[in-house]
Amino acid sequence: MVRIPFKRLFLIIKMYPPQVGYFRPESLGEALEFLEREEAKVLAGGQSLIPMLKLRVLRPKYLVDIGGLKELSYIKEGDTISIGATTRHFELASRRIRGLEILQEAASKVGDVQVRNVGTIGGSVCNADPAADYPAVLTALDATMKVRSKKGTREVKAHDFFKGPFSVDLNPGEVLEEIRIPRLEGYRQTYRKVVRRAGDFALAGLALAIKLDSGVVKDVRIAFTGVSQGPHRAKEAEKVLRDSKLTKDVIKRASEASTSGANPPSDSRGSSWYRLEVMKRLLQTSLEVMANES
Ligand SMILES: Cc1cc2nc3c(=O)[nH]c(=O)nc-3n(C[C@H](O)[C@H](O)[C@H](O)COP(=O)(O)OP(=O)(O)OC[C@H]3O[C@@H](n4cnc5c(N)ncnc54)[C@H](O)[C@@H]3O)c2cc1C
């Protein structure tokens, strides 16, 4: 018999998720019934959940696999854009939505091709990684989350939905069904992120949407990812910009103000100080480009 040292055996065991029951519902209704009865976790693309199971961070009794539910995979266009929770990153990355171009830009920057082919917007949003791309975009755009359970439906604003690192406003038995985003007609929009390596999570990322009228800022939405416990809406910078022209001085003051209230971590991707500098530079250069185009 081959004797495997205990240390290696432990590593080999950890490469696999623990034993877990698996249920593949045929409808959202069936999924909600199961979630009401059992101690279960929703599985969508598995890009974040499976690694967490392997690391034994989570140990649910059952997984309810909603990844194949066609009724949750759609993009509906109107004054409000409605996106089903199991819509995959690649579908958003390959579709230009008028008045919501920023979403395509953000989706195309999530991980790599493999991740985008399997991962879903709902999974990313419910996972609420502080460095994920969509939460900043959805916070800047004042998106609404439609949440369903056996008891009914409720709506939560993005600002209230993201409660902290890996924590969202979802109760046991609830599923994120849809994300609703108002169309931003006439806004210039951009999502930019700085990464240490291609395909990585953001060291810092910026979601920016701005409406100009004769060079004057009529409305502006700014949110960052990777610089706080969750998405950071830069309200102070928005205040500096609103009703002003994009002059050098205004841009500089807005960039400085963007870090107000941010509390970036220091980790292997970069120090807290470096992230604050990246925030300022991301906003400054993005605004300079927009000022030159106007
Ligand atoms: C190598 C790699 C690189 C990555 N890079 C990036 C990146 O650059 N930027 C980025 O933003 N993300 C990145 N990700 C994460 C990726 O976007 C995942 O796809 C996403 O975080 C989770 O989506 P999923 O569909 O795989 O969800 P899952 O892993 O299936 O689920 C994630 C969590 O959400 C819950 N959940 C899923 N769907 C629902 C729902 N509808 N209602 C309620 N709860 C739900 C699950 O129970 C679980 O807790 C990366 C992942 C990998 C593996």
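Count residues from 1 along the sequence. Source: prediction; values computed, not measured. Both counts, for ligands and for their atoms, begin at 1 and track the order of listing.
A salt bridge links Glu33 with Lys150; the closest basic N to acidic carboxylate O contact falls under 4.0 Å. Taking the charged nitrogens against the carboxylate oxygens, Arg98 and Glu77 have no contact shorter than 4.0 Å, which rules out a salt bridge.
Interface of Thr120 with ligand 1, defined as ligand atoms under 4.0 Å from a residue heavy atom, comprises 23 (O), 24 (P), 25 (O). Of all the atoms in ligand 1, the ones that sit under 4.0 Å from a non-hydrogen atom of Gly46 are 24 (P), 26 (O), 27 (O), 28 (P), 29 (O), 30 (O). The distance from ligand 1 to the heavy atoms of Ser124 drops below 4.0 Å at these ligand atoms: 20 (C), 21 (O), 22 (C), 23 (O). For ligand 1, the atoms closer than 4.0 angstrom to any heavy atom of Ala85 are 41 (N). Near Lys41, with a cut-off below 4.0 Å to any heavy atom, the atoms of ligand 1 are 47 (O), 49 (O).
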*Give the intermediate values and the outcome of salt bridge (charged side-chain N to carboxylate O under 4.0 Å, His left out) for residues Arg253 and Glu256.*
CA-CA 5 Å; Arg253 283 195 288 120; Glu256 291 294 330; over 6 Å; no

*Could you please spell out the steps behind the salt bridge (charged side-chain N to carboxylate O under 4.0 Å, His left out) verdict for Arg95 and Glu91?*
CA-CA 6 Å; Arg95 174 123 162 218; Glu91 292 172 67; over 6 Å; no

_Quick one, Asp213 with Lys211, criterion salt bridge (charged side-chain N to carboxylate O under 4.0 Å, His left out). Give me CA distance, side-chain angles, the key distance, then yes/no._
CA-CA 7 Å; Asp213 185 5; Lys211 188 169 194 168; over 6 Å; no

*Could you walk me through whether Arg275 and Asp267 pass the salt bridge (charged side-chain N to carboxylate O under 4.0 Å, His left out) check?*
CA-CA 10 Å; Arg275 279 184 160 94; Asp267 60 21; 3.1 Å; yes

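Contact annotation for Leu170 and ligand 1: only side-chain heavy atoms (C-beta onward) come within less than 4.0 Å of the ligand. When non-hydrogen atoms are compared, ligand 1 lies under 4.0 Å from the side chain of Lys193 (C-beta onward) but not from its backbone.
When only non-hydrogen protein atoms are considered, atom 16 (C) of ligand 1 lies nearest to Val115 CG1, 3.7 Å. If you check which protein heavy atom lies closest to atom 7 (C) of ligand 1, you get Gly111 N, 3.3 Å. Considering only non-hydrogen protein atoms, atom 41 (N) of ligand 1 sits nearest to Leu176 O, 3.0 Å. For atom 17 (O) of ligand 1, the nearest non-hydrogen atom of the protein is His89 NE2, 3.2 Å. Atom 35 (C) of ligand 1 has Cys126 CB, 3.8 Å as its closest protein atom, hydrogens excluded (heavy atom only). Shortest contact from atom 46 (C) of ligand 1 to any protein heavy atom: Val42 O, 3.0 Å. Nearest protein neighbour of atom 20 (C) of ligand 1, counting heavy atoms only, is Ser48 OG, 3.4 Å. Here the heavy atom of the protein found nearest to atom 26 (O) of ligand 1 is Gln47 N, 2.7 Å.
Shown here for Val216 and Asp243, the closest heavy-atom pair between the two residues is CG1-C, 3.7 Å.
Between Val118 and ligand 1, not a single N/O pair is under 3.5 Å apart. Residue Leu43 has no nitrogen or oxygen atom sitting less than 3.5 Å from a nitrogen or oxygen atom of ligand 1, judged on distance alone.
Selection from Ala132, Ala44, Gly119 by nearest heavy atom to atom 38 (N) of ligand 1 gives Ala44. Among Val137, Leu35, Val125, Asp133, the residue whose heavy atom lies nearest to atom 10 (C) of ligand 1 is Asp133. Of the candidates Gly123, Gly122, Gly84, it is Gly123 that places a heavy atom closest to atom 33 (C) of ligand 1.
Applying side chain to side chain contact (heavy atoms under 4.5 Å, CB included) to Val137 and the options Leu103, Leu206, Ile181, Thr225 leaves one that passes, Leu103.
Ring-centre distance between Phe23 and Phe34: below the 6.0 Å cut-off.
Contact between Ile66 and ligand 1 is present, with at least one heavy atom of the residue lying under 4.0 Å from the ligand. For Asp200, the heavy-atom gap to ligand 1 drops under 4.0 angstrom.
In this structure a side-chain-to-backbone donor-acceptor pair under 3.5 Å is present from Gln104 to Ala93. The closest donor-acceptor contact from the side chain of Glu101 to the backbone of Gly99 lies under 3.5 Å.
Between the side chains of Glu178 and Tyr74, at least one donor N or O sits under 3.5 Å from an acceptor N or O.
No path of Ile, Leu, Val, Met, Phe, Trp and Tyr side chains, each step under 4.5 Å between heavy atoms, connects Leu176 with Phe166, placing them in separate hydrophobic clusters.
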